[in-house]
Structure formats: C-alpha cells, structure tokens
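Report on the structure given below.
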Amino acid sequence: MCGIAGIVSHQNVNQDLYDALTVLQHRGQDAAGIVTCEDGRLHLRKGNGLTRDVFTNSQMLKLRGNMGIAHVRYPTAGCTSSAEAQPFYVNSPFGLTLAHNGNLTNTDELKQQLFVEDQRHINTDSDSEVLLNIFAHELQSIGKLKLTPDDVFQAVRGVHKRCRGAYAVTIMIAGFGILAFRDPHGIRPLVFGERHSELGPEFMVASESVALDVLGFNLIRDVAPGEAVFIEANGTLHTLQCSDNVDHCPCIFEYVYFARPDSMIDNISVYKARLRMGEKLANKIKREWPDHDIDVVIPIPDTSRTSAQQLAEVLGVKFSEGFIKNRYIGRTFIMPGQQMRKRSVRQKLNAIDLEFRGKNVLLVDDSIVRGTTSEQIIQMARDAGAKKVYFASAAPPVRYPNVYGIDMPAAHELIAHNRNEEEVCLALGADRIVYQDLQDLIDAVRKGNTTIKHFDTSCFDHHYITGDIDDAYLERIELLRNDKARAARNSEDFIIEMQNSD
C-alpha cells in the first residue's frame with residue numbers, strides 16, 4: 001500500500017506536498033519522495049524512511065516549482081532498496097515522473113513487451129517502473145512535439161488496454177501538467193479537489209480526501225474507475241473516461257484498516273463504515289452468544305477503536321482504553337519481515353493492568369492477518385491479569401493472498417489459511433474468537449454508497465475481480481514475497497547500498 005499526491009498551484013508546492021505526505025504517512029513508512037517542476041526542470045528528492053527523515057530544510061528549499069507529485073511507500077514485494085523509492089523518472093518523452101499505488105498483475109508480460117517491442121529498459125523490480133514506461137511508450141507513439149489534453153487521454157487509453165491489476169497513478173509531464181488516473185475497477189482510491197487563490201484555481205489529487213482537507217482543498221469527487229484527470233500547468237482542469245470496460249470494485253480493506261477514519265473514499269465515510277462494522281459484530285454476538293459474560297470491551301489501537309466503541313454500546317458493555325500506544329512505532333502490519341513485526345508489538349503497546357485484572361475482556365481489532373500481533377496482545381492481556389480473553393475481528397478471516405497492492409501475499413503466513421475459527425482461536429491462545437461475517441462487512445460499507453454493487457474481497461473469499469489470477473500465479477508470488485525471500489533480498493540490498501556508499 002502506498003500514498004500519492006499531486007498539486008498544480010500558483011506558488012511553490014514543496015511544503016504542501018510535504019504536508020500531504022505526513023497526512024498520508026499511514027499508507028507507507030518505508031520510503032518517501034517528492035518531485036517538483038520549475039520552468040521545465042525537475043527537482044527530485046527521495047529516500048528510505050519516514051517523510052520527516054527523508055527531507056531536510058536545505059533539501060526542501062531545492063524542490064522549487066509550482067507543480068509536483070509525491071509518494072510514500074511500503075514494499076509490497078518486501079524489497080526495501082532505496083532504488084525502488086518513488087517517484088520514478090524517465091526522460092523520454094518530455095520528461096515524465098510517476099507515483100503509483102497498487103500492483104499490476106501482468107508485470108512479467110509487460111516487461112517482455114517493453115523489452116522486445118518497445119525497446120525500453122527496466123532497471124528495478126518495481127511494477128511502478130513498468131507502468132511508467134508503458135505510459136511513456138503510449139505517449140511517445142502519438143508522435144507530437146506539442147501535446148494536447150486529448151493526446152494525454154489517448155495514452156491513458158493505451159495503458160488501460162495493456163495493464164491489468166490495481167493502479168491509482170499520478171504522473172507529471174515536465175512543463176505541461178499533472179495527470180491522475182485509476183484502473184477500470186477502481187480498486188485503489190484516488191480523489192481530487194480545488195482551492196481558490198488570488199491568482200486563480202489550484203488543484204490537488206491524493207489517495208485520500210484527508211490530505212485535501214488539511215491543505216484547504218475542497219473535495220470535488222473521486223476519480224472514477226477508468227477515468228483520467230489532467231491539470232495543465234496553468235491550472236486548467238480536464239477529465240475524461242478512458243476505459244470502455246468499467247466495473248467498480250473498490251478494495252474493502254481500505255475501510256477495514258488502511259484509510260484514515262476522517263477520509264471519504266468513493267463517497268463513503270470510513271468512520272461511518274467502521275461504526276457499522278462494530279454494530280454488525282455486536283449483533284452477531286447477540287445472535288450467536290446471547291449469554292456472553294463480557295465485562296469490558298477494549299480496542300487494539302488505533303484503527304479498531306471506532307468499531308469497538310459501537311460494539312460496546314450495542315452490547316451495553318463497558319468500553320475501556322486498556323492499551324496505551326507508543327505513537328513513534330510504525331504500523332506493525334506493514335512492516336517488512338516477521339521478526340521486525342514481532343519485536344515491535346510490545347514496544348508499540350503497553351497494557352493498563354487495572355482495566356484487565358480479574359475481568360472477562362473482549363479485545364477488538366480491525367482484522368487478523370498473520371496473527372503475530374494478535375497472539376502477543378492476547379498474552380499481554382493475560383499477563384495484565386485478565387480472567388478470560390476473547391477476541392473479535394471487525395473483518396472476516398483473511399485466508400487468501402491479496403495481489404492488488406496489500407502486503408499479504410504468502411498464503412501460509414496467514415493464520416486463518418486452511419484453519420477454521422476454532423483452530424485460529426487455539427493458535428492465538430484466546431478463549432473465544434468472533435469474526436465478522438463477509439456479507440455483514442459488505443453491507444456495513446455499501447450502506448454509505450449503494451451504487452457500488454460489489455467490492456474487492458479477494459483476501460476473504462478467493463474471488464479475484466480482474467479474472468487473471470490462478471493458482472500458478474499465487475504460487476509464484478508466494479515464492480517471491482514470503483518473509484524468508486524478503487529477508488534474503490533485503491540482505492542483498494543492504495550489501496549493495498553499503499558498497500555504493502563506499
């Protein structure tokens with residue numbers, strides 16, 4: 001998962017892009033980057049680490065220009081090399097930079113096409129670089145020295161015809177403008193907005209609406225699946241539907257975990273969706289466990305708090321903050337490597353003993369993925385004196401890999417894979433486990449926008465909406481992306497970077 005932003009303004013955009021990345025930091029903690037354009041010249045800074053660590057004051061001053069794009073990254077494929085930090089750049093045609101959120105599912109096929117047919121070189125393992133070169137080739141094929149917005153949209157049409165998978169993209173064309181587009185399924189989120197200055201309108205695109213809010217942009221709407229938005233350097237806005245086959249299937253995990261609760265995605269309030277998840281979960285407990293002996297409901301901070309509060313209210317059970325979070329530890333789910341995730345849990349959370357001692361506690365989390373965090377938190381509750389520890393998940397069991405940009409690709413690393421709920425409960429060490437039903441989750445999210453007929457729920461039900469994922473594909477990415485393979489790659493990347501620094 002990554003976060004992207006792009007701004008066309010009448011003043012320098014470096015500070016606004018930096019601020020946008022800090023607001024989107026929850027979408028990626030591995031790397032950050034900003035590129036701006038000043039009089040046709042690009043200024044780029046990117047590197048590994050949090051936004052605050054990548055950019056110094058002196059580097060920010062060099063990022064001059066009235067338009068630019070930005071990116072925060074976490075490594076879907078587990079590689080932490082700074083070579084894969086974004087934005088990516090190609091000089092031909094015109095000078096293009098790209099920031100991408102998502103994951104292409106036909107990367108190998110596209111790489112072969114780029115080499116054999118388009119005669120383009122790919123220098124990293126990132127599908128984002130592949131996507132950039134596909135767009136570059138489509139734009140170059142138009143064969144014009146002076147582009148029009150229609151030419152840009154034609155290139156996007158070419159991308160849609162060639163690329164499969166999930167992609168929310170912003171591309172800056174040096175001296176010309178900023179383009180944003182979304183795959184025909186609209187799997188990953190993308191919004192755009194406007195603010196007014198004395199010199200005229202200014203426009204921004206971002207992964208989540210909260211980034212627009214913080215910078216004073218008014219949300220216009222989501223970029224529609226298959227649609228492209230192009231903002232010329234002078235501030236003129238153009239939009240066009242560039243796909244003939246649109247099937248809107250946003251990722252439901254955005255509402256469960258990734259997005260901030262104060263964001264609107266596809267006209268659905270993330271906060272309201274999580275409230276409804278808590279209500280649905282409480283109703284399931286009432287239905288299936290009417291004689292429960294829960295004394296207190298305690299959320300696993302932060303993303304489960306909203307659901308847990310509503311669950312407690314519907315059940316008529318006390319709600320309490322039993323864990324205090326160290327806000328300087330990153331999100332454990334998106335940390336690369338199992339050992340790092342294990343080390344960080346007890347650094348991240350500390351239990352308030354008085355809220356646990358002698359009580360039957362229902363812990364509520366947004367989801368259970370690998371189970372690493374859940375198992376340790378259950379043990380922390382017992383160590384704090386809980387009599388019984390129950391565990392509830394606002395999402396159904398995560399049993400299958402996600403191939404559209406979320407870091408859960410290796411099936412055997414998912415605790416619910418090939419396990420029923422009783423077996424998961426035993427593995428976690430809980431006294432009872434309660435999972436959300438999939439249809440209840442869908443209903444909880446869809447209530448905010450009933451025009452959405454279905455969601456990407458592949459990690460729960462093994463239904464891959466792009467229609468191109470088979471067992472051979474899943475086996476291949478599992479070999480590439482399991483924790484052991486990541487550790488080997490990261491070790492190689494570290495050695496290479498040390499050699500380059502000598």
Side-chain angles (χ1 to χ4, degrees), residues 2 31 33 35 42 44 46 69 71 73 75-144 147 151-152 154-174 179 181 183-184 228 242-243 403-405 409 466-470 472-481 485-486 488-490 492-493 496-497 500:
C2 301
V35 60
L42 300 176
L44 172 65
K46 62 180 180 177
I69 64 174
H71 187 268
R73 172 186 183 268
T76 305
C79 177
T80 57
S81 170
S82 59
E84 297 199 5
Q86 296 185 38
F88 281 124
Y89 165 76
V90 291
N91 69 339
S92 178
F94 306 107
L96 304 173
T97 56
L98 167 144
H100 166 220
N101 175 31
N103 190 60
L104 300 183
T105 56
N106 62 333
T107 304
D108 292 342
E109 174 189 334
L110 293 173
K111 278 185 177 179
Q112 182 69 9
Q113 290 177 8
L114 285 168
F115 179 74
V116 175
E117 300 173 18
D118 302 347
Q119 298 179 335
R120 285 183 170 269
H121 173 69
I122 303 300
N123 199 49
T124 71
D125 293 325
S126 173
D127 62 325
S128 302
E129 188 187 11
V130 172
L131 181 55
L132 173 59
N133 278 272
I134 292 291
F135 176 80
H137 176 78
E138 295 298 324
L139 193 64
Q140 193 161 30
S141 298
I142 294 170
K144 285 187 179 180
L147 292 175
D151 296 329
V152 177
Q154 183 179 333
V156 175
R157 284 186 178 276
V159 171
H160 287 329
K161 290 176 181 177
R162 298 178 67 177
C163 295
R164 298 194 300 270
Y167 48 93
V169 179
T170 182
I171 294 175
M172 183 164 62
I173 306 173
L179 167 71
F181 59 93
D183 70 77
C242 296
S243 176
V403 299
Y404 301 126
T466 53
D468 59 338
I469 306 302
D470 55 19
Y473 181 94
L474 295 177
E475 290 172 5
R476 186 166 67 253
I477 65 168
E478 180 161 346
L479 289 173
L480 291 171
R481 297 181 178 181
R486 295 177 190 189
R489 279 197 303 273
N490 292 342
E492 293 172 3
D493 293 334
I496 292 170
E497 290 188 12
N500 290 340

Exercise. Going through the distances and angles, do Gln154 and Ile142 end up as a side chain to side chain contact (heavy atoms under 4.5 Å, CB included)?
Worked result: CA-CA 8 Å; Gln154 183 179 333; Ile142 294 170; 4.0 Å; yes
Would you say the side chain of [Y] lies within less than 4.5 Å of the side chain of [X], judging by non-hydrogen atoms?
| X | Y | answer |
| --- | --- | --- |
| Thr97 | Ile171 | no |
| Leu131 | Cys163 | yes |
| Leu179 | Phe135 | yes |
| Arg157 | Ser243 | no |
| Cys242 | Phe181 | no |
| Leu110 | Asp127 | no |
| Leu479 | Glu475 | no |

Exercise. Are Asp108 and Arg476 within salt-bridge range, i.e. N to O under 4.0 Å?
Worked result: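 Salt bridge between Asp108 and Arg476, a charged N being under 4.0 Å from a carboxylate O: yes.
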Exercise. Hey, are Arg162 and Glu109 close enough for a salt bridge, meaning a charged N less than 4.0 Å from a carboxylate O?
Worked result: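 Not counted as a salt bridge, because no side-chain N and carboxylate O are separated by less than 4.0 Å.
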Euclidean distance, [Y] [atom2] relative to [X] [atom1], rounded to 0.5 Å:
| X | Y | atom1 | atom2 | answer |
| --- | --- | --- | --- | --- |
| Asp118 | Lys111 | CG | NZ | 14.5 Å |
| Asn133 | His121 | CG | NE2 | 9.5 Å |
| Ile134 | Leu139 | CD1 | CG | 13.0 Å |
| Leu44 | Gln86 | CG | CD | 11.0 Å |
| Tyr167 | Asn103 | OH | CG | 12.5 Å |
| Leu98 | Ile69 | CG | CD1 | 6.0 Å |

Could you check whether [Y] and [X], counting side-chain N and O atoms only, form a donor-acceptor pair closer than 3.5 Å?
| X | Y | value |
| --- | --- | --- |
| Thr105 | Tyr404 | no |
| Thr124 | Glu84 | no |
| Gln113 | Arg120 | no |

For this session: Grab the two heavy atoms, one from Ser92 and one from Ala136, that are nearest each other, plus how far apart they are.
Result: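 Looking at all heavy atoms of both residues, the shortest contact is O-CB, 3.7 Å.
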Is it the case that the side chain of [X] and the backbone of [Y] share a donor-acceptor pair, with hydrogens and angles ignored and the cut-off at 3.5 Å?
| X | Y | value |
| --- | --- | --- |
| His71 | His100 | yes |
| Ser128 | Ala99 | no |
| Glu129 | Asn123 | yes |
| Lys46 | Pro87 | yes |

Problem set entry | Criterion side chain to side chain contact (heavy atoms under 4.5 Å, CB included) on Tyr89 and Val35, from CA distance to verdict | CA-CA 9 Å; Tyr89 165 76; Val35 60; over 6 Å; no
